[in-house]
Amino acid sequence: MQSSRDALVTTADPSTRDSVGPVANVPGWCDIERPSNADRLLHAFMGRVTDGISPASLALAYADWGLHLAESPGKLHRLVEKAVRKEMRLLNYAMCGSSCLPAEPCIEPLPQDRRFRDPAWQQWPFNLIQQSFLLNQQWWHNATTGIGGVSKHHEQVVAFVARQLLDMVSPVNFIPTNPVVLGATVREGGQNFARGAMNFIEDWQRKIADKPPPGSDAFQPGHEVAATPGQVIYRNRLIELIQYAPKTKEVHAEPVLIVPAWIMKYYILDLSPHNSLVNYLVERGHTVFMISWHNPGEEDRGLGMEDYLRYGVFEAINAVKAVVPDRKINAVGYCLGGTLLSIAAAILASDDETPLNSITLLAAQTDFSDAGELSLYIDESQIDYLEDMMWYRGYLDTKQMAGAFQLLRSNDLIWSQMVNNYLLGKRTPMTDLMAWDSDATRMPYRMHSEYLRRFFLNNDLAGGRFKVGERSVALSDIQVPIFAVSTESDHVAPWRSVYKISLLTETDLTFVLTTGGHNAGIVSEPGHRNRQFRISQWASDEKYVDPDHWYLTTTATEGSWWPAWAEWLECDSTGQSLPPASGAPKKGYTPLADAPGTYVHER
């Protein structure tokens with residue numbers, strides 16, 4: 001009997017596909033005129049100037065906002081009133097400050113805004129400068145939001161652009177208006193600028209030479225990071241499968257297979273030995289397998305989501321079953337890898353006997369209707385623009401992808417770094433996580449187009465419209481237990497979006513919300529300072545609890561979520577056994593190289 005995963009409609013060699021873009025997925029697409037190559041070339045070259053931002057998308061957002069604001073006299077009147085009130089409050093604050101009289105601040109920075117925390121910002125006249133900026137920032141937020149008739153997406157875009165422009169002209173970024181920089185200049189006699197100039201030259205040289213940031217050389221995969229011992233037991237053109245060496249005399253019977261996102265190198269889960277999730281599992285007696293994705297180039301432009309499913313997840317499952325026969329697998333998926341794993345699990349659920357024992361989803365979305373700030377980059381115009389850029393190159397460049405993520409946290413990742421590096425002359429010490437973050441990967445043209453359209457734009461997976469081959473995928477088919485982890489400060493997969501897995505599945509679910517961001521919250525080893533998490537378990541027949549009510553009624557637990565997850569895995573184990581051999585040579589899985597393999601070194 002043919003299994004559902006073997007019935008995937010995929011060519012033997014995915015590189016031979018015709019890369020026609022999204023129209024190939026539309027019924028009757030042959031009757032639709034394909035985009036002109038001249039149009040695509042124009043968009044591709046324009047993208048180099050606009051850094052991948054569609055001018056049409058931006059113009060539509062501002063037209064929507066501007067036209068509706070122009071026909072909203074009540075809103076305009078309130079904005080004028082707010083401006084006058086803010087000016088009067090600022091004037092009163094300035095008069096009190098100049099007279100050395102105590103005065104309450106007009107406005108406090110947002111909790112996540114760390115720019116004005118130094119005590120120097122409370123001294124005259126810098127307190128007046130920062131108060132003026134914050135009041136101005138608040139007014140522009142009021143001006144770009146709450147206007148009747150403006151689409152939610154366009155409102156988010158306009159507010160986001162306004163915030164980016166204001167952050168660019170923040171008083172923190174200029175020498176005369178930054179008391180911290182002025183103080184350092186006086187104390188050091190200008191040496192901070194000399195160091196800053198040297199830092200700028202070094203960064204520029206590394207940028208044009210396409211080298212990683214300074215200090216990254218101290219974290220080389222296979223040495224300082226990705227150093228957990230193991231062997232590559234399988235390789236195809238898309239993945240290498242690593243089997244890690246045991247560190248205990250006996251191991252839990254069920255192996256663990258980790259599916260990381262191919263938008264990142266896998267070793268986010270195998271950083272330094274002290275914060276490696278892989279090492280943690282191995283030391284607890286688990287047999288761990290890890291997918292290491294190939295970093296695609298122009299020749300891989302035709303790789304699609306089905307290729308990543310078949311040649312990635314399913315091929316890895318087949319290999320694990322060969323090495324550890326007659327045992328079900330505890331599958332783990334991180335970010336986009338978790339989304340793909342959930343699709344694979346739903347497909348496997350229709351087989352007579354699924355090979356999975358449980359599913360763990362780490363910061364992985366399955367419903368993209370509330371995808372957070374990344375949705376700022378998602379609309380028809382923007383995706384079409386990106387598709388034309390990828391059509392020209394065959395992939396989405398790492399620099400463009402990194403830039404999009406940096407803009408979501410521009411204060412922390414762009415402007416504060418520039419102030420520290422170039423005005424204060426300070427280098428932030430490189431860490432394993434920072435070095436990993438600079439070791440980015442590319443996205444194939446076809447796959448990334450399908451990902452943006454089918455998940456972010458159309459939300460096909462949650463809507464039951466996502467098809468693999470000729471059959472629709474329903475996450476409600478999944479019957480094995482799920483352990484879903486989300487993080488409070490996630491800009492990539494907001495926790496309320498991750499929480500929606502509880503609406504899409506009908507199985508036992510454990511949900512965890514931990515402090516930290518998309519990466520730092522997952523890399524949260526025991527002993528990590530300032531970490532806490534909330535955890536709840538729901539049986540398949542329990543009633544739904546909305547996320548806000550759940551948050552308010554669930555007590556936070558101090559520490560790392562890793563031990564709670566490990567106990568969850570182990571309580572469903574069927575016992576202990578001797579560690580399996582490395583690979584299964586008689587079944588075609590001969591060890592090929594020591595971990596971390598070769599794909600992790602591709603740039």
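Keep in mind that what you see is a predicted model, and the values were worked out from it rather than measured.
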Does the separation of the ring centres of [X] and [Y] fall below 6.0 angstrom?
X: F455; Y: F368; answer: yes
X: Y451; Y: F456; answer: yes
X: Y334; Y: H518; answer: yes
X: W562; Y: Y280; answer: yes
X: W262; Y: Y308; answer: yes
X: Y544; Y: W538; answer: no

Under a 3.5 Å threshold, yes or no: a donor from one side chain and an acceptor from the other, between [X] and [Y]?
X: T354; Y: K328; result: no
X: R454; Y: S449; result: no
X: N279; Y: D270; result: no
X: S573; Y: E254; result: yes
X: Y395; Y: E298; result: no
X: T515; Y: E488; result: no
X: N519; Y: D437; result: no
X: S536; Y: W550; result: yes
X: D300; Y: H294; result: yes

Give a yes or no answer on whether the side chain of [X] reaches the backbone of [Y] with a donor-acceptor pair at less than 3.5 Å.
X: S272; Y: N275; answer: no
X: T228; Y: V278; answer: no
X: S486; Y: V512; answer: yes
X: E602; Y: N295; answer: yes
X: K247; Y: V282; answer: no

- Find out whether the Lys NZ or Arg CZ of R237 is both under 6.0 angstrom from the six-membered ring centre of Y311 and within 45° of the ring's axis. no

- Task: Answer yes or no on whether R534 is positioned over the face of Y551, meaning its NZ or CZ is under 6.0 Å from the six-membered ring centre and within 45° of the axis.
- Result: yes

Using distance only, find each side-chain donor-acceptor pair of residues 576-583 under 3.5 Å and give its atom names and separation, not counting sequence neighbours.
unit_1, atom_1, unit_2, atom_2, d
Q576, NE2, H252, ND1, 3.1
S582, OG, Q231, OE1, 2.7

What closest approach, in Å, do [X] and [Y] show between heavy atoms, and which atom pair accounts for it?
X: C335; Y: A364; answer: O-CB, 3.3 Å
X: T487; Y: W495; answer: O-CB, 3.7 Å
X: I347; Y: V473; answer: CG1-CG2, 4.2 Å
X: P273; Y: E224; answer: CD-O, 4.0 Å

- Is any NZ, NE, NH1 or NH2 atom of the basic residue among D548 and R496 found under 4.0 Å from an Asp or Glu carboxylate oxygen of the other? yes

- Message: Assess whether a salt bridge exists between D397 and R393, defined as any Lys/Arg side-chain N lying under 4.0 Å from an Asp/Glu carboxylate O.
- Response: yes

- In this structure, OH of Y589 is separated from CD1 of I233 (nearest 0.5 Å) by 8.0 Å

- Query: Could you state the interatomic distance from CD1 (I359) to CG (L257), rounded to the nearest 0.5 Å?
  - Reply: 11.5 Å

- Task: Could I get the full list of side chain to side chain contact (heavy atoms under 4.5 Å, CB included) partners for S540, not counting sequence neighbours?
- Result: D508

